[in-house]
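Worksheet: the structure to be examined is printed underneath.
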Amino acid sequence: MGEHTLRMPPAKKHPVRHAKNSASDRESYLRQLVQEYTVTKHLNAKQEILANLGNFAYDPMNYGWLWKLNVVTLFLDALFNEDRLLREFGMGGLANICLDPRHHAYITSEPAFLHSIMACLYEESGKHTKTMLVNSMTLLMLMIDFSSQQVILTPKLQQRLHVLQQEYGSAQISVLASLFLEDYFRETQRNKGQGQTSVL
């Protein structure tokens, strides 16, 4: 599928946050971001901080610190927020951070996590952004392995992907849905057919 990592929209600069270059300063900065995110009551600040964390999740150098700070749970929790931008940034952050094996294993460890990612695809159009759909489909494809395929590759998802492919009205969504169907559901059908043949 090529390059899967996703860049978050650039966040506005926060007056009290200044990233540094050294490892200790980077960890301290990330810890400060997480603390600010958990205590602030201002939606705009939460959006900016989560977008920042999503951008840090793009760089493998930060995986260890993000794991230590449990940032993946912030991304997952954001999927349940009423604000569309927080959900969008949460989904994008997951699509970046899941390239780390530890985070990938964590996200696939609970079917509920995968269901929360899939739920975006079934929402009414006014409740999500196009970017959320792109991130959701990309993330699900990155999540598919032997342990998760039965949770993800369901007839319900296949039917929904056909709808997105044909009716959503976006070339990007249509192409990505087509790729999802071609790469995973046809392969699943072929494997089932081979299994039935071998039994016979």
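For the pair Asn135 (side chain) and Met91 (backbone), a donor-acceptor distance under 3.5 Å is absent. Using a distance-only test at 3.5 Å, with no hydrogens or angles considered, a donor-acceptor pair links the side chain of Thr38 to the main chain of Val34. Judged by distance alone, the side chain of His115 and the main-chain N or O of Glu110 form no donor-acceptor pair under 3.5 Å.
In this structure the side chain of Leu181 never reaches within 4.5 angstrom of the side chain of Arg186, judged on heavy atoms. Side-chain atoms of Cys120 and Leu133, non-hydrogen and from C-beta on, do get closer than 4.5 Å to each other. When side chains are defined from C-beta on, Leu50 counts as touching Phe75, because their heavy atoms get closer than 4.5 Å.
For Gly54 against Asn96, the heavy-atom pair with the smallest separation is O-ND2, 3.1 Å. The nearest pair of heavy atoms linking Cys98 to His103 is CA-CB, 4.4 Å. Contact between Tyr63 and Asp100 at its shortest, heavy atoms only, is CD1-CB, 3.3 Å. Counting all heavy atoms, side chain and backbone alike, Leu86 lies closest to Ala78 at O-CB, 3.5 Å. Of all non-hydrogen atoms in Gly93 and Ala57, the two that sit nearest each other are O-CB, 4.0 Å.
The aromatic ring centroids of Tyr106 and Phe113 lie less than 6.0 Å from each other.
Among Val71, Leu74, Asn52, the one residue that satisfies the side-chain contact (heavy atoms from CB on, under 4.5 Å) test with Tyr37 is Leu74.
Under the rule for a salt bridge (Lys or Arg N to Asp or Glu O under 4.0 Å), Arg160 has no partner lying at least two apart in sequence or in another chain.
To the nearest 0.5 Å, atom CD1 of residue Ile152 and atom CD1 of residue Ile117 are 7.5 Å apart. Within the model, atoms CG of Leu53 and CG of Leu30 stand 7.0 Å from one another, a figure rounded to the nearest 0.5 Å. Taken from CE in Met118 to CG in Leu79, the straight-line distance is 13.0 Å, to the nearest 0.5 Å. Taking CD1 from Ile144 and CE from Met141, the interatomic distance works out to 7.5 Å, rounded to the nearest 0.5 Å. Here the CZ atom belonging to Arg26 is positioned 4.5 Å from the CG atom belonging to Asn62, to the nearest 0.5 angstrom. A distance of 8.5 Å separates CG in Leu114 from CD1 in Ile107, rounded to the nearest 0.5 Å.
A salt bridge between Arg84 and Glu88 is absent, with no side-chain N of the basic residue lying under 4.0 Å from a carboxylate O of the acidic one. Between Lys46 and Glu36 there is no salt bridge, since no side-chain nitrogen of the basic residue lies less than 4.0 Å from a carboxylate oxygen of the acidic one.
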Point to revise | Phe180/Leu157 under side chain to side chain contact (heavy atoms under 4.5 Å, CB included): CA gap, chis, key distance, verdict | key: CA-CA 10 Å; Phe180 202 144; Leu157 178 60; 4.0 Å; yes

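In this structure, a donor-acceptor pair under 3.5 Å is present between the side chains of Ser178 and Gln165. A donor-acceptor contact under 3.5 angstrom links the side chains of Asp145 and Ser148, judged on distance only.
A cation-pi arrangement is present between Lys156 and Tyr122, with the terminal nitrogen or guanidinium carbon under 6.0 Å from the aromatic centre and inside a 45° cone about the axis.
More than 12 non-hydrogen atoms from other residues, nucleotides or ligands lie less than 6.0 angstrom from CD of Gln166.
A continuous path of Ile, Leu, Val, Met, Phe, Trp and Tyr side chains, each step under 4.5 Å between heavy atoms, connects Met61 with Tyr29, placing both in one hydrophobic cluster.
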